[in-house]
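All chains are named by letter (A, B, ...) in the order of the sequence lines, taking the proteins before the strands, and each is independently numbered beginning at 1.
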Protein chains: 2
Amino acid sequence: MGGLLTEVRMSDIGDIADPLSLENQVCFALAVASRSVIGLYRPVLEPMGLTHPQYLVMLALWQRAPLSVKDLSRLLQLEPATLSPLLKRLEAAGLIERRRSRADERSLAVTLTGEGRALREQAEKIPAAIVERLGMDVAELQGLHQALTRVIAAAGGARPG
Amino acid sequence: MGGLLTEVRMSDIGDIADPLSLENQVCFALAVASRSVIGLYRPVLEPMGLTHPQYLVMLALWQRAPLSVKDLSRLLQLEPATLSPLLKRLEAAGLIERRRSRADERSLAVTLTGEGRALREQAEKIPAAIVERLGMDVAELQGLHQALTRVIAAAGGARPG
DNA sequence: CACTAACAGTTAGTGGACTAATGATTAATG
DNA sequence: CATTAATCATTAGTCCACTAACTGTTAGTG
C-alpha cells in the first residue's frame, strides 16, 4: 500500500475515461483546428480584402465560373441563405457579378470580373505560404485530408440527420 | 494513339495538381468537417436547449467549475468577447451563475446551478449517440483526434500568427 | 502615496452560419 | 390550360466568432 498506484490521482483517471471530458471530444478538436487554421489565413487574406469563406467562394469561381448560388451551395456545403449576403459583399468589392440567368430567371449567374480574375495571381502564393506557416509534413496533411473526407462522408456532407 | 491516355481529360489533371483546387484545401475540409459534425449534434442538443458552443462550455464546467471567463477562454480557445454574451445566455437559461470573484473583483466566477448540474445526466448519452450516428470506427476517430491535435499545435492554438 | 502598467471582462461593429418564412419563376399535373 | 407543386434566391431572426475600443480593478513603480 502507498506504492506507485497512489500516485495516480482519481481526477486524472476520470479524464482519461470520461466520455464527457473536453479533451476527448472530436467535435471540439475539429472546431478548434478549423478556427486555428483559418486564423492562419487571416493575415494573408486581409491584404487581399478577403475573408476565408469569401476565399473559398473565389476558389470555386476560379475553377468553374459561372456558377449559380445553388451550385456554390452544393460545392461549398453552405446554405444559400449564407451565401446570399456573402456574394453581395464580393460584388460590392468588385470581384464578382450577379445577374439572373436568361435561361432560368430563378437562377443567379455568378461570374468573375476582371479584377476578380486578376486576384488569382496573388492567391496562387497562398497554399505554399500556409503550409510553411503550419510547418507540417505534406504527407501528414494529406493523411489528415483523407481522414476529414471520410468524416464528411460519414456525417452526410453538411446535412443534419 | 486514341488509347486509354486520351480518356484522361485535361480538366481532371488540372484538378489533381492545382494547389488552388477547392478539393485540395485542407482548410476547406476542416471547415466542412467541423460544420458537418456539429450539425449531427444539433438535433441531440436542441431538446436540451443547448447550442454546440454552449455544450462545450458546459463540458468544461462539469469538469472543473468554478471557472473564470479567462479560464474558459484558455480551455475552449475562444475570445472572452465571444464567451461573454454566450455565458449570459446560459445564465438566462438558468444553467449557470455569474458573480464577481471576491478575491479579485476583475474576475468572474462562473458556477453551475442545480439545473446545470442535473443536465449532465442527459449529456452522458450524447457521445455514444453521436459516434453511432457517425457510424465510424472508434479507432479511426482516435486517429483523427490525434491528427487534429497535431494541427492545432502546429497552428499555435487558435492564436493567429 | 500617486501614477502608470497590466489585467479581466464587456460593448460595439462586422461577417458567417443556421432555420424558417417569403417572393418569384418554372415544372408538373388534372 | 389553369392550378398546383417544386425550385431558386432572398429576407428576418438568432447565435457564434473575431477585432478594436472601453470600464473597472489590481499590481508595479517612481
Side-chain angles (χ1 to χ4, degrees), chain A residues 27-28 31-32 34-43 45-46 49-57 67-74 76-93 98-110 157-161, chain B residues 27-28 31-43 45-46 49-57 66-74 76-93 98-110 157-161:
Chain A
C27 64
F28 174 53
V32 174
S34 180
R35 289 203 317 269
S36 300
V37 171
I38 289 174
L40 291 183
Y41 281 81
R42 215 180 306 278
L45 291 176
E46 201 176 40
L50 289 177
T51 65
H52 190 260
Q54 289 169 4
Y55 170 64
L56 296 180
V57 167
L67 291 169
S68 68
V69 173
K70 185 78 175 174
D71 293 333
L72 286 166
S73 169
R74 193 187 64 256
L76 301 173
Q77 303 273 38
L78 287 171
E79 294 299 320
T82 300
L83 290 168
S84 206
L86 190 155
L87 292 171
K88 285 187 180 175
R89 284 187 281 268
L90 283 178
E91 186 181 43
R98 300 156 62 249
R99 14 184 158 70
R100 292 282 159 181
S101 165
R102 189 151 282 309
D104 186 344
E105 290 279 335
R106 293 172 300 181
S107 182
L108 199 72
V110 180
R159 211 167 3 275
Chain B
C27 64
F28 175 52
V32 174
S34 179
R35 281 190 285 109
S36 300
V37 171
I38 289 174
L40 291 183
Y41 281 81
R42 216 179 307 276
L45 290 175
E46 200 176 39
L50 289 177
T51 65
H52 190 260
Q54 290 169 3
Y55 170 64
L56 296 180
V57 167
L67 290 170
S68 69
V69 174
K70 185 78 175 176
D71 293 333
L72 286 166
S73 170
R74 194 186 62 256
L76 301 174
Q77 303 273 41
L78 287 171
E79 294 300 320
T82 301
L83 289 168
S84 206
L86 190 155
L87 291 171
K88 285 187 181 176
R89 284 187 281 269
L90 283 178
E91 186 180 42
R98 302 156 62 248
R99 13 184 158 71
R100 292 285 159 177
S101 165
R102 191 151 279 311
D104 186 342
E105 288 280 336
R106 291 173 300 183
S107 181
L108 199 72
V110 180
R159 211 167 359 278

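No donor-acceptor pair closer than 3.5 Å links the side chain of B:Ser84 to the backbone N or O of B:Pro80. Judged by distance alone, the side chain of B:Arg35 and the main-chain N or O of A:Gln77 form a donor-acceptor pair under 3.5 Å. Listed for the A:Glu91 side chain is no donor-acceptor partner under 3.5 Å among the backbone atoms of A:Lys88. Panel note: side chain A:Arg100, backbone A:Arg106; a donor-acceptor pair is recorded below 3.5 Å. Of the possible polar contacts, one joining the A:Ser73 side chain to the A:Leu78 backbone as a donor-acceptor pair under 3.5 Å is found.
Across the protein-nucleic acid pair, A:Glu79 atom CD and C:dA17 atom C1' stand 9 Å apart, rounded to whole Å. Between B:Ile38 atom CD1 and C:dG16 atom P there is a gap of 18 Å when expressed in whole angstrom units. Remark: P of C:dG16 and CG of B:Leu86 are 21 Å apart, rounded to the nearest angstrom. Going from atom CZ of A:Arg42 over to atom P of C:dG15 covers 13 Å, rounded to whole Å. Distance CG (B:Leu76) to P (D:dA17): 9 Å, rounded to an integer number of Å. Nucleotide C:dT19 holds its P atom 11 Å from the CG atom of A:Leu78, rounded to whole Å. Here D:dC15 presents its P atom at 15 Å from CG of B:Leu45, a figure rounded to the nearest Å. At whole-Å resolution of the value, CG in B:Leu90 and P in D:dC15 are 11 Å apart.
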Reading 5' to 3' through nucleotides 3-14 of chain D, protein heavy-atom contacts under 4.0 Å coded B for base, S for sugar-phosphate only, - for none: ---BBSSBB---
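Base pairing in DNA chain D yields stems of at least 3 consecutive Watson-Crick or G-U pairs, both distances under 3.5 Å, namely C:1-4 with D:27-30, C:6-30 with D:1-25.
Counting heavy atoms from C-beta on, the side chains of B:Thr51 and B:Leu45 never come closer than 4.5 Å. When side chains are defined from C-beta on, B:Ser68 does not count as touching B:Leu108, because their heavy atoms never get closer than 4.5 Å.
Mapped onto DNA chain C by nearest heavy atom, A:Gln54 and A:Glu105 fall at different nucleotides, with A:Gln54 at the one closer to the 5' end. Residue B:Ala31 is the one, among B:Glu46 and B:Ala31, whose nearest nucleotide of DNA chain C lies closer to the 5' end (criterion: closest heavy atom).
Taking the six-membered ring where tryptophan is involved, the planes of A:Tyr55 and A:Tyr41 are tilted, since the angle between them lies from 30° to 60°.
In this structure C:dA5 sits in the syn conformation; its chi angle is within 90° of 0.
Put simply, B:Gln77 has no side-chain N or O that comes within less than 4.0 Å of OP1 or OP2 on D:dA17.
With sequence neighbours excluded, the residues that form a side-chain contact (heavy atoms from CB on, under 4.5 Å) with B:Arg99 are B:Glu97, B:Thr111.
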